[in-house]
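Numbers restart at 1 for each chain; the letters A, B, ... are given by sequence-line order, proteins then strands.
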Amino acid sequence: MKYNFNEIEKKWQDFWETNKTFAAEIDHAKPKYYVLDMFPYPSSEGLHVGHPEGYTATDIIARYKRMKGFNVMHPMGWDAFGLPAEQYAIKTGIHPRITTQKSIDNFKRQLKSIGLSIDWSREIATIDPKYYKWTQWIFMQLYKKGLAYQAEIAVNWCPELGTVLANEEVPEQIEKGYTVVRRPMKQWMLKITEYAERLLIDLDMLDWPESTKEMQRNWIGKSEGARVTFKIAGENSGSIEVFTTRPDTLWGATYMVLAPEHPLIDKITTPEHITAVDIYKDNAKNKSDLERQQEKDKSGVFTGAYAVNPVNNEEIPIWISDYVLMGYGTGAIMAVPGHDERDWEFATKFHIPIVEVVKPTGSQQSDITKEPFVEDGVSVNSGFITGLKTEKAKKKVIAWLEEKGLGKGTIQYKLRDWLFSRQRFWGEPFPIIHMEDGTVKLLPEDVLPVMLPEVDNYKIIGTGESPLAGITEWVNTTDPETGKPAKRETNTMPQWAGSCWYYLRFLDPNNEKEFVNKELEKYWMPVNLYMGGAEHAVLHLFYARFWHKVLFDLGYVSTREPFVRLYHQGMILGEDSNKMSKSRGNVVNPDEVIANYGADSLRLFEMFLGPLSATKPWSTNGIEGVYRFLNRIWRLVVNEDGSINVKIQDVKPEGENERIMHRTIMNITDDIEDMDMKFNTCVSELMIYVNEIFKLDVIPKELILTLVKLISPFAPHLAEELWQKLGHTGTIAFEKWPEFDPAKVKKQVVTIIGQINGKVRSKIEADTDTPDDKLIELMKQDEKIRSYIEGKEIVKEIAVKNKLVNIVVK
RNA sequence: GCCGCCAUGGCGGAAUUGGUAGACGCGCUAGACUCAAAAUCUAGUAAUGGCAACAUUGUAACGGUUCGACUCCGUUUGGCGGUACCA
């Protein structure tokens, strides 16, 4: 009887479905384990072989944890709003809901064919009104808490996409070749900045890749310093506030710079400079961020006005330049060319004095005429802080500024508020109406969800309005509370909205009264293991943390953080070591692989390819190897005629057999439990084990049962089938994971390496745990070793228990 | 520019965390089975020299620490990811 993977896989996938094998319900008798994949965007192309890598890894963990006695939550759903479906709809006139549903069906079929142990009864899709009702509801909570507001600000406008983008999304779109320009528009914002400090501090309690935590830290961009007020020279001319991280360098501030958008410019510019300043401002306005970035040379113009340096009352010129950004700090800086790269460049170009106020400590040298000294050191030429180290000097200056009312110590973040509206059709509508008198009103809870209209024209209309704005019968409505005429908000939420809280909905997907039942939330949360690509390091993972913290503050969730452990699976490249893409023609479709080798081969091979976190190329030859391996296991148990191999007998495993079994259980268990999820070495351990069993004339049945259990998380269909063939009924999914006895892993006799001056010269056999001195004595009796030490002086003898003896000779 | 990660046979990758470098798999070579092929099984496979035992070299490069370094430290080179005037 051949290994008929097609038949076996179909049989067990049907079995799991009809028996609801993986349905998860609360069970207080068991510890819970919530293992989650980042839910996919169901694209029309379907899965490629990169997708199953993460899904297989989490599935192995899920199946392993079940066998370890955990109550496992392992759900799947669809992050289904998204631009591709909308663009396709514009082209074809087919409603995005229809194309998206088609893609979902295809994804679901593909995922099921991999044999994932998912509780499909919990399936959710962000485009389902029953789901986005609660996305809208959460927005209402944000609004009520004062965390959502509308603002006319300079936003990132992408003309090709016809929408605005969040700061976090800009780099990605620029990389794709789209242009992004700054443009003032009225938009919905979420006050994520209010949570900056907590989003930063709580990173410390997360078991996440350090690189991802670091990226979030950089994105938050916390810096400590001071705000300082500079009076503008002249009678009653007002003042300029700046932020600096180096208040200790105040004595070195020889000029000031305002961002070109700074509101004070028009007030302070002297008549003879107005023309030049206006030209510069106009230029800056028309430049995109990209253009600004690409300019390496500093530019700027003098306003004609002067400010007074509060520490020494010197008058310093006020310039404007686009190297100062309106969006950070106060939009104005004090420039210290001696101790800041950018100020140094600017001052050198425009011949502004450069003053040294910090000297390096120790033997380090600095020459500020050649380059700025930007590190910490000791203050010089700095009045009352002269001679103090930077740390102390900062504190003293801040104290002095506060005492004199000239400034105060503050903390500044790079993080800006989250631009939360998009000019798209295919997204969650806001539960907001605009009254005729201009007031903005939240709709009452009982009218949710605000549904998208049924239309057949999705063309982007001109100047930055959502396609929804053109659907007057939808836009014009009445206030359900007063009956007065009102217009609906026509922007929609960004794709991130639905993915900010989906992990909570999985716990209670059909609840019509709450977004999640509190008891269920308390039992299942937090997510124990979250698997997904590193490309979401600052976007999804940051936004979801923010929403979660808001929900925590409102008492709706019980944990501070949603995902305690995060793992990024690597990318699988095409066989040519390039990124898989349609245009390169190197995309491998899992459907084909499954048809040729079966899902178990696909799963096993994806794990065997290399470390889970690594980027690695696909290999068609490689999958032949694991396919052969699975065939070998099949033949080990099942004969040609379908009967069980007669070599498998009901005897106890003893001696070396028993040792191999315990060693394999130990190695595989350790590798699964390892923080790094070393599934590639798990597979190789299984291969070694099978190779060993193959050599036996009599195979103790326990060896085979252990093999079947050990392989069941990796190749579940094969395991189920063999389990049944070996006389069991039902599923293997909840069998107890095999245990090992460390004492039984130990060898009786071990090979000891004999080294002379660190070079391997011989090997001897010795009893396990032979004491060091005995080991050295044994080694010296070895013939080869003797020939090396004869006539030489022994300088040193080193023994490592059960490992080696090294003899140093002269 | 700055920050982070990485570099091991023809290929994907192992290495008990400082103790036999190259596990396991792919590929390749030879043999068995077969009329033949496929499948399967057996043996070999880092390089150089040698019939062989064996010797020498070898984990991007150079240097250091150590009885002993793929592993630790320093310098350099190459690749990947992030970020970019954030005061």
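- Using a 4.5 Å heavy-atom cutoff, the side chains of A:Y689 and A:I668 are not in contact.
- When the side-chain nitrogen and oxygen atoms of A:R761 are compared with OP1 and OP2 of B:A55, one or more of them lie within a distance under 4.0 Å.
- In this structure, A:H568 places its NE2 atom 14 Å from P of B:C5, rounding to the nearest Å.
- Taking a pair as Watson-Crick or G-U with both hydrogen-bonding distances under 3.5 Å, the stems of three or more pairs touching RNA chain B are B:1-7 with B:77-83, B:10-12 with B:24-26, B:27-32 with B:40-45, B:46-49 with B:54-57, B:60-64 with B:72-76.
- Side-chain N/O atoms of A:Y3 include none lying less than 4.0 angstrom from OP1 or OP2 on B:U40.
- Between A:V588 and A:E575, every side-chain heavy-atom pair lies at or beyond the 4.5 Å cut-off.
- Using modelled atom types, one finds no donor on one side chain facing an acceptor on the other under 3.5 Å when comparing A:R635 with A:N645.
- Between A:L612 atom CG and B:G13 atom P there is a gap of 13 Å when expressed in whole angstrom units.
- The existence of a salt bridge linking A:R659 and A:E656 is confirmed by a sub-4.0 Å separation between a basic side-chain nitrogen and an acidic carboxylate oxygen.
- B:A69 and B:U59 are spaced 11 Å apart, taking the C1' atom of each and rounding to whole Å.
- Atom-to-atom distance recorded for A:L636:CG and A:N631:CG is 12.0 Å, nearest 0.5 angstrom.
- Glycosidic conformation, B:G9: syn, with the torsion inside 90° of 0.
- In terms of phosphate contacts, A:R632 brings a side-chain nitrogen or oxygen within less than 4.0 Å of OP1 or OP2 of B:C41.
- For the atom pair NZ of A:K414 and OG of A:S223, the computed distance is 8.0 Å after rounding to the nearest 0.5 Å.
- Between A:K759 and B:U57 there is a side-chain N or O to OP1 or OP2 distance below 4.0 Å.
- The stretch residues 242-257 of chain A touches RNA chain B through A:F243, A:T244, A:T245, each having a heavy atom under 4.0 angstrom from the strand.
- The shortest side-chain heavy-atom distance between A:E797 and A:D772 does not fall under the 4.5 Å cut-off.
- If A:Q412 and A:P611 are placed on RNA chain B by their nearest nucleotide, the residue sitting closer to the 5' end is A:P611.
- Base engagement by A:I333 is indicated by at least one non-hydrogen atom pair under 4.0 Å involving a base atom.
- Straight-line distance between the P atoms of B:U71 and B:U16: roughly 13 Å, to the nearest whole Å.
- Comparing the P positions of B:G4 and B:G27 gives a spacing of 41 Å, expressed to the nearest Å.
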Only pairs under 3.5 Å count here: list side-chain donor-acceptor contacts from residues 745-755 of chain A, not counting sequence neighbours, and write none if there are none.
unit_1 : atom_1 : unit_2 : atom_2 : d
A:K746 : NZ     : A:D769 : OD2    : 3.3
A:T751 : OG1    : A:E765 : OE2    : 3.1

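- Contacts of A:S223 with the nucleic acid, taken as non-hydrogen atoms under 4.0 Å apart, involve only primed sugar atoms and P, OP1 or OP2.
- Distance alone, capped at 3.5 Å, is enough to place a donor-acceptor pair between the A:N757 side chain and the A:V809 backbone.
- If you find the closest nucleotide of RNA chain B to A:S211 and to A:V808, the one lying nearer the 5' end belongs to A:S211.
- The nearest whole Å value for the distance from the CG atom in A:L325 to the C1' atom in B:A84 is 11 Å.
- Using a 4.5 Å heavy-atom cutoff, the side chains of A:K213 and A:R217 are in contact.
- A distance of 7.5 Å separates CG in A:D248 from CG in A:D376, rounded to the nearest 0.5 Å.
- Between the CD atom of A:E797 and the P atom of B:G68 there is a distance of 16 Å, rounded to whole Å.
- Residue A:Y323 forms a ring-ring contact (aromatic ring centres under 6.0 Å, His included) with just one option from A:W344, A:F346, A:Y328, and that option is A:F346.
- Using C1' as the reference atom, B:G22 and B:U8 are 8 Å apart when rounded to the nearest Å.
- Nucleotides B:G49 and B:U40 place their C1' atoms 37 Å apart, quoted to the nearest Å.
- Taking atom P on both nucleotides, B:A60 is separated from B:U66 by 23 Å, rounded to a whole Å.
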Quick one: what's the B/S/- string for nucleotides 22-32 of chain B, heavy-atom cutoff under 4.0 Å, read 5' to 3'?
-BBSSS-----

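- Remark: A:E793 pairs with no residue by the side chain to side chain donor-acceptor pair (under 3.5 Å) rule, at least two apart or across chains.
- Note: CH2 (A:W219) to P (B:G4) measures 19 Å, nearest angstrom.
- B:U66 takes the anti form, because its glycosidic angle lies more than 90° either side of 0.
- By the 30° and 60° cut-offs, the orientation of the rings of A:F714 relative to A:F679 is perpendicular.
- Remark: P of B:A69 and CG of A:N757 are 11 Å apart, rounded to the nearest angstrom.
- For B:G78 and B:C41, the C1' atoms lie 44 Å apart once the distance is rounded to whole Å.
- Only the C1' atoms considered, B:U57 is 16 Å distant from B:C70, to the nearest whole Å.
- The distance from atom OG1 of A:T330 to atom CD of A:E241, rounded to the nearest 0.5 Å, is 6.0 Å.
- Nucleic acid contact class of A:R663 (heavy atoms, under 4.0 Å, all strands): none.
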Could I get a table of every N or O pair under 3.5 Å where one atom is in the protein and the other is in nucleotides 16-21 of chain B?
unit_1 : atom_1 : unit_2 : atom_2 : d
B:G19  : N2     : A:Q755 : OE1    : 3.3
B:U20  : O2     : A:K763 : NZ     : 3.0

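- Between A:Y323 atom OH and B:C85 atom C1' there is a gap of 9 Å when expressed in whole angstrom units.
- Heavy atoms from other residues, nucleotides or ligands lying under 6.0 Å from NZ of A:K395 number 12 at most.
- Between A:I633 atom CD1 and B:U40 atom C1' there is a gap of 16 Å when expressed in whole angstrom units.
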